[in-house]
Amino acid sequence: PRSTPLYSSAASDVYKRQALAYLVESTAALEEAGARGQLAETRRYLALAYLATGGLVAAREAAQSALVQSREVEASLYEAGAQRVLGQIAFAAGEYDEAMAVLETSRELLNNQESRYELAQTLTCLAEVYLAKGWREEAHTLLVDAVEIFTELDTSRELAYAAMLMQRVN
């Protein structure tokens with residue numbers, strides 16, 4: 001399984017560890033300040049940083065905390081993001097059925113949101129799971145939608161990744 005789109009560049013391990021340390025510090029500061037909404041998002045990014053550095057257990061714990069926190073503040077966009085990260089973690093752990101389930105939950109939540117970027121991210125992650133399961137046609141359909149959104153939003157890194165997955169489908 002691949003690393004997450006957020007950390008899939010050629011960034012060195014040093015930068016990944018620095019990002020992880022920064023997010024650990026930020027999480028502690030936000031906890032102390034009681035900034036619940038920001039804490040949900042920071043924990044999501046913390047989970048991605050743990051995932052990028054190979055810490056699946058810590059990534060899952062941070063993502064679960066992000067999910068709980070987002071539900072407590074009733075932020076469905078944050079909840080969808082936390083669900084996506086949980087799906088990425090499950091995928092990295094080889095738990096494809098679990099990944100599919102939580103990514104579908106993220107997708108459902110995002111269908112009622114304005115964040116097309118987050119939706120395209122989730123569609124890309126779900127397509128990757130479908131590819132791993134050999135479901136090429138389903139993956140293709142998701143990637144067509146993701147590429148369209150990333151093109152519309154002019155997000156070159158994400159577009160390049162989705163296009164690379166599209167080549168694997170074809």
Side-chain angles (χ1 to χ4, degrees), residues 1-126 128-129 146 149-150 152-158 161-162:
R2 67 163 178 97
S3 62
T4 65
L6 183 62
Y7 292 97
S8 62
S9 70
S12 72
D13 289 340
V14 172
Y15 291 128
K16 291 176 185 179
R17 287 192 303 270
Q18 288 174 340
L20 179 59
Y22 172 77
L23 287 162
V24 168
E25 289 175 21
S26 297
T27 300
L30 289 168
E31 285 173 349
E32 188 175 314
R36 294 174 11 171
Q38 293 91 346
L39 191 55
E41 276 294 89
T42 302
R43 284 183 174 145
R44 176 171 69 119
Y45 289 114
L46 179 61
L48 286 169
Y50 279 128
L51 180 60
T53 57
L56 286 179
V57 172
R60 197 177 304 253
E61 289 172 2
Q64 286 288 358
S65 293
L67 181 62
V68 168
Q69 190 75 46
S70 65
R71 287 176 174 164
E72 287 175 2
V73 297
E74 298 179 6
S76 60
L77 181 59
Y78 293 169
E79 181 180 346
Q83 293 281 12
R84 178 172 48 82
V85 172
L86 283 167
Q88 290 172 277
I89 294 164
F91 179 71
E95 302 164 357
Y96 297 158
D97 290 339
E98 175 67 16
M100 224 169 28
V102 293
L103 288 167
E104 283 293 351
T105 300
S106 175
R107 180 183 182 185
E108 289 170 17
L109 288 166
L110 289 166
N111 282 332
N112 300 319
Q113 298 290 325
E114 294 293 320
S115 181
R116 295 184 43 77
Y117 174 80
E118 287 293 333
L119 176 60
Q121 287 280 69
T122 294
L123 293 174
T124 302
C125 291
L126 190 54
E128 192 161 24
V129 176
I149 294 168
F150 288 142
E152 176 185 309
L153 297 175
D154 195 27
T155 55
S156 58
R157 186 184 67 214
E158 293 84 351
Y161 191 79

In this structure, CG of L123 is separated from CD1 of I149 (nearest 0.5 Å) by 5.5 Å
Nearest heavy-atom contact between T53 and K16 is CG2-CB, 3.8 Å
To the nearest 0.5 Å, atom CG of N112 lies from atom CG of L77 at 11.5 Å
The reported gap from CG in L39 to CD in E32 (rounded to nearest 0.5 angstrom) is 12.0 Å
In this structure, CD of E79 is separated from CG of L109 (nearest 0.5 Å) by 5.0 Å
*asked:* Has T155 got a side-chain atom pairing as donor or acceptor with E158's backbone, closer than 3.5 angstrom?
replied: no
Scanning both residues in full, the closest heavy-atom pair of L103 with T122 reads O-CG2, 3.5 Å
dist E72:CD -> L67:CG (nearest 0.5 Å) comes out at 10.0 Å
| request: Check whether the side chains of R84 and Q88 place a donor and an acceptor atom closer than 3.5 Å, and report yes or no. | output: yes
Looking only at heavy atoms, the pair that brings A146 and A120 closest together is CB-O, 3.8 Å
Here the pair of heavy atoms bringing Y45 nearest to L23 is O-CD1, 3.5 Å
Taken to the nearest 0.5 Å, the spacing of L46 CG from L51 CG works out to 11.0 Å
Partner of E31 under side chain to side chain donor-acceptor pair (under 3.5 Å), picked from Q69, R43, R36, is R43
Between A66 and A40, the two heavy atoms sitting closest are CB-O, 3.4 Å
Y117 and Q121: side-chain donor and acceptor closer than 3.5 Å?
yes
Would the distance check show the side chain of S106 and the main-chain N or O of V102 forming a donor-acceptor pair, the cut-off being under 3.5 Å? no
